[in-house]
Amino acid sequence: MSEKKNPVAAAAEKVVEKVQDVVRAGNEIPGAPGPEEPSVEEPTEERGPLLPKPDQRGPDTYSPTGQATGAPQKKVAQGGDRLTTAQGARLYDTDHSLKAGPRGPVLLQDHHLREKITHFDHERIPERVVHARGAAAHGVFRGYGAAAGITKAAFLAEGVETPVFVRFSTVLGSRGSADTVRDTRGFATKFYTDEGVFDLVGNNIPVFFIQDAIKFPDVIHAGKPHPDREIPQAQSAHDTFWDFVTLHTEATHHTLWNMSDRGIPRSYRMMEGFGVHTFRLVNAEGATTLVKFHWKPKLGVHSLVWEEAQITAGMDPDFHRRDLADAIEAGAFPEWELGVQTFPDTEDQMFQGIDLLDPTKIVPEELAPVRPIGLMTLNANPSNFFAETEQVAFHVGHLVPGIDVTNDPLLQGRLFSYLDTQLTRLGGPNFGQLPINRTHAPVNDMLRDGMHQTAVHRGVAPYRPNSLDGGCPFLAGADTGAYIEVPVEVPASRKVRDAAVSFDDHFSQARLFWLSMSPTEREHIVAAYTFELGKCWETVIKERALKVLANIDPVLCTRVASGLGLPVPEASLPSAAVEPSPTLSQLGGDWPVDGRIIGIVTSGTDDLAGVREVRRAVLDAGMVPLVVAPTGGVLDPDGDPVTVQRTFATARSTEFDAMVLAGAPAPAADAYGARDAKAADDAAVVTAVDPRLLLMVTEAYRHGKALGAWGEGVSALEAAGLPEGPAGVVFGETGPPVLQAVTRLLGGHRAWGRFTPAL
């Protein structure tokens with residue numbers, strides 16, 4: 001393919017420029033619900049529908065058969081300035097049913113009532129069995145050309161830009177569950193390539209609980225809420241999950257990843273993505289290479305701490321989807337490099353003793369480095385959650401020339417399951433014609449009719465061979481872009497329900513992961529196992545789990561057993577001799593701070609000039625400032641106004657990546673327990689500083705966040721028992737130097753020196 005800029009990608013760039021212009025123009029704090037400021041009174045001047053916000057766009061305008069229509073997106077949205085029925089008939093009233101007199105009864109002939117209620121009754125479609133709760137964004141992928149030697153996939157060629165739609169999700173919870181639960185996250189990317197749709201459907205953890213797809217219903221049934229009470233929601237801290245994973249020990253490796261900080265990411269923008277399986281690539285000469293796909297976030301891989309995740313689930317259950325949308329709206333577009341680990345396509349499909357067909361195994365990057373092959377940038381939010389995020393349909397069988405599957409038994413089952421599930425969720429086989437799922441390549445498939453058919457097919461001969469339609473459609477060859485499966489030899493063997501002997505090792509890679517963690521990360525793993533197993537009712541399940549941990553590492557087992565108050569079992573297997581993989585640890589390194597949230601605390605009267613200066617510096621650094629004060633409103637409205645985004649009643653430390661204090665606000669009028677339980681309720685306890693601020697900063701300190709203060713803000717931190725020191729607390733004479741120091745600390749994500757691990 002010649003180097004060219006996809007027209008849709010070019011349009012996306014214009015959206016990016018528009019968003020950045022808005023940010024530069026002063027619309028600096030993301031989160032406004034609409035594109036224009038509303039009026040106090042109900043508007044009466046007639047006008048058409050508002051355009052979406054600058055950060056939003058809908059699916060690209062292609063026909064159901066993949067033809068670019070060139071239609072502006074507003075042409076496929078609702079239009080007109082008058083309320084109508086679904087058929088376009090204008091309405092004069094939608095507040096009252098048609099009745100026989102003002103007191104009724106309601107008449108059956110009320111067509112508007114019936115249409116309105118019937119549509120409402122059918123608004124919901126079945127949610128996904130797994131990955132029900134998600135968030136998504138539009139973007140663009142640019143190939144580096146580095147994959148040219150291993151694949152002929154055209155979208156990976158140098159300079160080729162391809163529109164993408166990415167959906168992030170949790171696995172276990174329902175659509176109404178919280179974002180910050182401990183769980184695996186989905187990372188699914190739809191590439192709208194010129195050769196058809198390619199879906200890379202993976203997770204933020206590179207291994208899975210099971211080796212064979214036939215066990216997928218089992219692991220999900222075990223992880224879901226108990227069927228009698230439908231609790232607990234979106235959690236693995238219960239008996240059925242641990243009953244399964246301690247009996248089915250191939251789940252051990254993934255479970256350990258889930259108990260690590262990887263199970264509670266700070267943000268979708270700050271987590272890795274993995275294709276999980278081994279895929280087969282084929283180049284222009286027909287040579288094949290086995291690969292594993294990796295998404296590497298430019299912002300680094302960062303996580304929440306457990307208490308922070310728990311508080312956030314209550315304070316803001318939409319934390320991750322809000323973070324993604326706000327970052328894009330603020331112009332802090334998240335980026336990931338797509339990379340591959342490559343392996344020779346040998347007959348045994350092994351690499352240095354690791355079975356590449358076993359989805360519970362990784363190949364350490366020290367053995368096979370990840371080679372970057374392209375960059376993805378997410379630059380626009382969806383304009384309608386249901387139409388895009390909820391209706392997008394991924395399928396691991398959506399492949400393009402140059403990318404093929406392997407015999408991984410979990411992948412083989414997914415090739416059936418992903419297609420099958422859409423038939424129920426989206427009402428039939430034509431789900432690919434929904435705007436968000438439409439390919440950008442011309443379609444001539446001979447598939448006809450079915451529920452929700454929106455393509456208007458022509459011709460009289462939807463079969464091959466035919467002469468009535470002039471022989472069309474014709475078959476393609478390798479020279480005309482046909483998708484041709486790699487002709488792999490299938491060895492002659494017996495039909496068996498079995499697995500390769502190499503699949504029997506369930507503990508060595510779990511031990512590798514444990515030994516690769518820093519002491520602080522190991523402490524978090526111990527705490528996670530102790531919490532999760534501590535929530536189980538049955539003691540025998542806890543005892544069985546400890547036997548599994550004993551086969552990973554004696555220190556891990558001993559620490560968890562101590563927390564559970566149970567004896568330490570002996571290992572049933574010798575400890576595997578493995579080399580740690582430093583790339584598995586999240587600690588270390590210095591990362592960009594794009595889109596980080598900075599809380600700026602002021603009493604409303606202290607050093608407002610400094611607050612303004614710091615606020616501007618935060619914006620200039622690509623971060624988001626949120627001004628926190630005792631009450632809402634605007635500070636200094638007659639001078640240079642400063643808008644308050646949060647009050648002590650509405651803010652919690654978990655919302656901020658770091659905090660800087662310009663003042664030491666006295667207790668506000670609502671700082672008492674009957675109004676706000678975060679405030680002291682003991683009349684004998686009198687503080688000079690609002691107790692909710694003291695709670696906020698001590699909580700932030702406990703979670704390892706950078707804190708800074710100048711002026712009166714210093715006394716607030718001192719009142720909280722947080723003197724200046726080496727562990728991420730910074731004092732200064734003025735705001736800007738304090739912010740600079742705090743920003744440097746943010747590069748490491750947390751002030752890790754505050755944590756004193758025992759391991």
Side-chain angles (χ1 to χ4, degrees), residues 8 58-71 73 75-78 86-87 115 118-119 121-132 134 136 138 163-167 169 175 188-201 382-400 414-464 466 469 472-476 482-483:
V8 178
D60 299 318
T61 51
Y62 280 73
S63 75
T65 55
Q67 311 292 323
T69 67
Q73 289 190 348
K75 293 293 187 183
V76 295
Q78 294 201 327
Q87 312 308 315
E115 180 185 70
T118 299
H119 195 283
D121 289 343
H122 295 266
E123 279 182 0
R124 293 293 172 265
I125 63 174
E127 67 176 35
R128 291 167 168 86
V129 177
V130 288
H131 299 277
H138 296 275
V164 296
F165 189 73
V166 180
R167 187 178 187 270
S169 56
R175 279 191 62 190
T189 308
K190 186 175 288 291
F191 296 83
Y192 303 94
T193 85
D194 290 345
E195 298 179 299
V197 167
F198 170 55
D199 287 344
L200 182 55
V201 195
S383 58
N384 184 279
F385 185 92
F386 177 80
E388 300 169 74
T389 307
E390 187 62 17
Q391 290 197 126
V392 66
F394 296 95
H395 177 30
V396 288
H398 289 164
L399 302 164
V400 293
R414 291 178 75 194
L415 288 167
F416 168 79
S417 180
Y418 276 70
L419 186 63
D420 182 59
T421 192
Q422 312 303 344
L423 300 180
T424 297
R425 284 199 66 245
L426 299 174
N430 292 311
F431 60 86
Q433 295 182 20
L434 293 167
I436 193 61
N437 295 323
R438 290 176 182 174
T439 179
H440 294 187
V443 172
N444 196 343
D445 57 16
M446 296 195 302
L447 306 177
R448 294 295 183 269
D449 306 338
M451 293 286 287
H452 307 140
Q453 176 63 256
T454 57
V456 182
H457 295 102
R458 297 180 179 178
V460 297
Y463 52 82
R464 271 194 50 82
N466 74 74
D469 280 347
C472 187
F474 298 92
L475 297 177
Y483 183 89

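Predicted model, so just to flag it, every value in this text is computed and none were measured.
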J.: State whether a side-chain donor-acceptor pair under 3.5 Å links His138 with Glu388.
T.: yes

J.: So how far is it from Thr439 OG1 to Lys190 NZ, rounded to the nearest 0.5 Å?
T.: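 So the gap between those two atoms works out to 9.0 Å.
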
J.: Just verifying a value: how many Å separate Arg464 CZ and Asn466 CG, rounded to the nearest 0.5 Å?
T.: 7.5 Å

J.: Within a 6.0 Å radius of atom CD on Glu123, are there more than 12 heavy atoms belonging to other residues, nucleotides or ligands?
T.: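 Enclosed.
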
J.: List in chain and number order the residues that pass side-chain hydrogen bond (donor to acceptor under 3.5 Å, both in side chains) with Ser417, two or more places apart in sequence or in another chain; answer none if no residue qualifies.
T.: none

J.: Can you tell me which residue pairs pass the salt bridge (charged side-chain N to carboxylate O under 4.0 Å, His left out) test with a partner in residues 418-441, sequence neighbours excluded?
T.: Glu390-Arg425

J.: Between His395 and Gln422, does a side chain to side chain contact (heavy atoms under 4.5 Å, CB included) hold up when you go through it step by step?
T.: CA-CA 9 Å; His395 177 30; Gln422 312 303 344; 5.9 Å; no

J.: Just verifying a value: how many Å separate Leu419 CG and Phe431 CZ, rounded to the nearest 0.5 Å?
T.: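 Output value for this atom pair is 5.0 Å.
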
J.: Determine yes or no for a side-chain-to-main-chain donor-acceptor pair under 3.5 angstrom, with Thr61 supplying the side chain and Thr69 the backbone.
T.: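 No; judged by distance alone, with no hydrogens or angles, the pair does not exist.
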
J.: First locate atom OG1 of Thr389, then atom CZ of Arg175, and finally report the distance between them rounded to the nearest 0.5 Å.
T.: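 Here the rounded value is 9.5 Å.
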
J.: Which distance, rounded to the nearest 0.5 Å, do you find between the CG of Asp199 and the CZ of Phe394?
T.: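 So the CG of Asp199 and the CZ of Phe394 are separated by 6.0 Å.
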
J.: Taking all non-hydrogen atoms of both residues into account, name the closest pair between Pro429 and Met451 and its distance.
T.: CD-N, 4.5 Å

J.: Taking side chain as C-beta onward, heavy atoms only, is Pro462 less than 4.5 Å from His457?
T.: no

J.: For the atom pair OH (Tyr463) and CZ (Arg448), what is the distance rounded to the nearest 0.5 Å?
T.: 11.5 Å

